[in-house]
A.B. asks: 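Before I ask anything, let me first share the structure, which is written out below as structure tokens.
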Amino acid sequence: MEAHPHSGAPAYQRIAATFRARITSGELRAGDQLPTEHTIAEQFGVARQTVRTGLSLLIAEGLIVARRPHGHFVRRREHMIYRPQEKSRPRPVTPEMVDRFSQQIAAEGRVPSQRIEVSLVQAGADVADRLRVEPGVTVVARRRVRFINGEPININDSHFPLELVKDSAIMSPAYIPRGTDQVLADLGHRQDRAIDEILIRMPTPDEIHRLSLGPGTPVAAHYDTGYTADGRPVRCTVNILPGDRHRIVFERSWLS
């Protein structure tokens with residue numbers, strides 16, 4: 001049996017620590033296969049159940065995945081740079097317009113996709129507070145999950161007062177080339193400012209399901225609330241960004 005770091009720890013923790021270090025150092029790269037359970041058991045002088053317990057820690061941390069019957073592999077992660085300020089930057093409206101997310105990911109040589117659904121929901125306390133309506137009031141929710149190379153990357157759910165958008169394109173689950181902000185503007189509710197809030201928390205069961213999150217993965221919840229010139233909130237978008245898949249970048253210009 002070889003000597004290993006954390007020699008005073010239980011064997012399953014030593015197994016996890018050894019392969020965690022090999023992954024974080026880059027010795028084992030995304031897609032690489034770990035040695036078989038039998039090989040690891042012989043290396044550490046333990047039973048295969050002990051190996052499984054150690055590897056289960058790495059699965060819970062999102063570092064490896066089990067692909068039966070082939071074995072364990074270093075998890076491939078799809079990351080994206082998330083720039084909240086991009087949404088407020090103007091762009092020319094064309095019939096071929098695609099959303100900024102798709103533009104960004106395609107420019108990186110990766111494949112973007114999204115799943116959109118529209119439903120009438122009862123506003124939770126967080127959305128109700130930002131839209132200045134009573135909790136439980138019916139609002140329109142455009143629920144969207146974005147994907148990179150087929151893997152879910154984040155959630156983008158926009159909520160609107162029902163009376164403002166009930167007869168508009170916002171009610172359709174189809175992609176809207178001109179964007180929902182322009183639809184609101186065409187309806188007479190042009191936004192002239194927004195408030196951004198970013199909260200760090202653990203995900204809800206619904207978010208875990210929609211994003212296929214591993215145990216213990218925190219998320220950033222980015223609330224983007226849009227207001228008209230008279231101060232009325234007309235949109236509240238909730239972006240859910242898994243902490244292991246995003247780097248949030250803000251760009252600021254110095255005022256003279």
Side-chain angles (χ1 to χ4, degrees), residues 1-82 101-102 104-115 144-156 200-220 240-249:
M1 181 176 67
E2 299 179 12
H4 293 278
H6 307 279
S7 57
Y12 75 94
Q13 292 184 1
R14 288 189 280 115
I15 292 169
T18 296
F19 287 99
R20 185 186 298 110
R22 293 180 64 185
I23 293 169
T24 56
S25 70
E27 179 183 348
L28 286 173
R29 298 179 179 275
D32 285 352
Q33 185 173 6
L34 275 63
T36 65
E37 292 178 359
H38 177 74
T39 299
I40 298 173
E42 286 192 336
Q43 178 184 356
F44 284 82
V46 297
R48 290 182 65 177
Q49 182 56 49
T50 302
V51 174
R52 295 189 189 104
T53 302
L55 296 181
S56 69
L57 295 180
L58 302 181
I59 293 173
E61 294 172 16
L63 293 176
I64 66 172
V65 293
R67 296 176 186 159
R68 306 295 183 188
H70 304 292
H72 294 83
F73 297 79
V74 179
R75 180 181 175 186
R76 295 185 183 276
R77 294 181 181 275
E78 295 294 348
H79 287 81
M80 74 170 283
I81 297 176
Y82 181 79
F101 166 76
S102 297
Q104 173 187 336
I105 301 307
E108 296 169 356
R110 300 187 287 175
V111 180
S113 59
Q114 57 186 337
R115 184 173 63 235
R144 174 163 54 178
V145 178
R146 293 164 165 162
F147 299 80
I148 298 178
N149 292 340
E151 292 193 10
I153 193 74
N154 61 41
I155 288 171
N156 172 256
I200 308 300
R201 58 170 172 78
M202 299 306 295
T204 66
D206 177 66
E207 292 161 357
I208 291 172
H209 172 71
R210 294 172 71 189
L211 292 170
S212 300
L213 297 178
T217 304
V219 299
I240 303 299
L241 317 172
D244 62 348
R245 306 174 197 178
H246 291 81
R247 178 155 57 97
I248 301 175
V249 177

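Since we're looking at a predicted model, the values are computed, not measured.
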A.B. asks: Work out which heavy atom in S113 is nearest to a heavy atom in F101; give both atom names and the distance.
C.D. replies: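 Scanning both residues, the minimum pair turns out to be O-CE2, 3.8 Å.
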A.B. asks: I'd like to know if the side chain of Q33 and the backbone of H70 have a donor-acceptor N/O pair within less than 3.5 Å.
C.D. replies: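 Between the backbone of H70 and the side chain of Q33 there is a qualifying donor-acceptor contact (under 3.5 Å).
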A.B. asks: Can you name the salt bridge (charged side-chain N to carboxylate O under 4.0 Å, His left out) partners of R75, sequence neighbours left out?
C.D. replies: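 For R75 the salt bridge (charged side-chain N to carboxylate O under 4.0 Å, His left out) partners, ignoring immediate neighbours, are D244.
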A.B. asks: State which residues pass ring pair (Phe, Tyr, Trp, His ring centres under 6.0 Å) with Y82; sequence neighbours excluded, sorted by chain then number.
C.D. replies: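 H222.
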A.B. asks: Could you grab the distance from atom CZ of R146 to atom CG of N154, nearest 0.5 Å is fine?
C.D. replies: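 If I round to the nearest 0.5 Å, the distance is 5.5 Å.
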A.B. asks: Kindly give the heavy-atom pair with the smallest separation between A11 and T50, and that separation in Å.
C.D. replies: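 Closest heavy-atom pair between A11 and T50: CB-CG2, 3.9 Å.
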A.B. asks: List the atom of L57, the atom of A16, and the distance in Å for their closest heavy-atom pair.
C.D. replies: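 Of all heavy-atom pairs spanning L57 and A16, the closest is CD1-CB, 3.9 Å.
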A.B. asks: Does the Lys NZ or Arg CZ of R67 fall within the cation-pi geometry relative to F73 - under 6.0 Å from the ring centre and within 45° of the axis?
C.D. replies: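 Because its charged atom sits under 6.0 Å from the ring centre and within 45° of the axis, R67 does stack over F73.
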A.B. asks: Going by side chain to side chain donor-acceptor pair (under 3.5 Å), name the residues that satisfy it together with H209, two or more places apart in sequence or in a different chain.
C.D. replies: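 Side chain to side chain donor-acceptor pair (under 3.5 Å) list for H209, sorted by chain: empty.
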A.B. asks: Please name the pair of heavy atoms, one in T217 and one in P203, separated by the smallest distance, quoted to 0.1 Å.
C.D. replies: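 That closest heavy-atom pairing would be O-CD, 3.1 Å.
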A.B. asks: Can you pull out every salt bridge (charged side-chain N to carboxylate O under 4.0 Å, His left out) where at least one residue sits in residues 44-53? Sequence neighbours excluded, please.
C.D. replies: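 Listed by first then second residue: E37-R48, E37-R52.
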A.B. asks: For D206, enumerate each residue passing the salt bridge (charged side-chain N to carboxylate O under 4.0 Å, His left out) test, keeping only those at least two apart in sequence or located in another chain.
C.D. replies: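 D206: salt bridge (charged side-chain N to carboxylate O under 4.0 Å, His left out) contacts with R143, R210.
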A.B. asks: Quick one: list whatever passes side-chain contact (heavy atoms from CB on, under 4.5 Å) with L211, sequence neighbours left out.
C.D. replies: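 Per chain and number, L211 pairs via side-chain contact (heavy atoms from CB on, under 4.5 Å) with V145, P152, I155, L213, I240, P242, R245.
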A.B. asks: Where is the tightest heavy-atom contact between P35 and I40, given as atom of each residue plus distance?
C.D. replies: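 Shortest heavy-atom separation between P35 and I40 comes out as O-CD1, 3.6 Å.
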A.B. asks: Measuring from atom CD1 of I200 to atom CG of L241, what distance do you get when rounded to the nearest 0.5 angstrom?
C.D. replies: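 Nearest 0.5 Å value for the CD1-CG distance: 8.0 Å.
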A.B. asks: Only counting residues at least two apart or in another chain, list the ones meeting side chain to side chain donor-acceptor pair (under 3.5 Å) with T39.
C.D. replies: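 Partners of T39 under the side chain to side chain donor-acceptor pair (under 3.5 Å) test: T36.
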A.B. asks: For residues V111 and I105, determine if any side-chain heavy atom of one lies less than 4.5 Å from a side-chain heavy atom of the other.
C.D. replies: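 No, their side chains stay 4.5 Å or more apart.
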A.B. asks: Just jot down the salt bridge (charged side-chain N to carboxylate O under 4.0 Å, His left out) partners of R144, sequence neighbours excluded, or say none.
C.D. replies: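 Counting only residues at least two positions away or on another chain, R144 forms no salt bridge (charged side-chain N to carboxylate O under 4.0 Å, His left out).
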A.B. asks: With a cut-off of 3.5 Å and sequence neighbours excluded, list every side-chain donor-acceptor pair involving residues 21-29.
C.D. replies:
unit_1, atom_1, unit_2, atom_2, d
R22, NE, E27, OE2, 3.2
R22, NH2, E27, OE2, 3.4
T24, OG1, R20, O, 3.0
T24, OG1, A21, O, 3.3
S25, OG, A21, O, 3.0
S25, OG, R22, O, 3.2
S25, OG, E27, N, 3.3

A.B. asks: Under the rule for salt bridge (charged side-chain N to carboxylate O under 4.0 Å, His left out), what residues qualify as partners of E108, not counting sequence neighbours?
C.D. replies: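 For E108, the residues satisfying salt bridge (charged side-chain N to carboxylate O under 4.0 Å, His left out) (neighbours in sequence not counted) are R110.
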A.B. asks: Do H246 and V219 pass the side chain to side chain contact (heavy atoms under 4.5 Å, CB included) test, and can you show the C-alpha distance, the side-chain angles, and the key distance before you say yes or no?
C.D. replies: CA-CA 9 Å; H246 291 81; V219 299; over 6 Å; no
A.B. asks: List for me each residue that meets side-chain contact (heavy atoms from CB on, under 4.5 Å) alongside A66, sequence neighbours excluded, and say none if there are none.
C.D. replies: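 Per chain and number, A66 pairs via side-chain contact (heavy atoms from CB on, under 4.5 Å) with I59, R68, H72.
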A.B. asks: Write down the atom of F44, the atom of F19, and the distance for their closest heavy-atom approach.
C.D. replies: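 That closest heavy-atom pairing would be CE1-CE1, 4.4 Å.
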A.B. asks: Measure the shortest side-chain to side-chain distance between N156 and Q114 over non-hydrogen atoms and say whether it is less than 4.5 angstrom.
C.D. replies: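 No, too far: nothing below the 4.5 Å cut-off.
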A.B. asks: So, using side chain to side chain donor-acceptor pair (under 3.5 Å) as the criterion, who are the partners of N149 when residues are at least two apart?
C.D. replies: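 Once residues adjacent in sequence are excluded, the partners of N149 under the side chain to side chain donor-acceptor pair (under 3.5 Å) criterion are E78.
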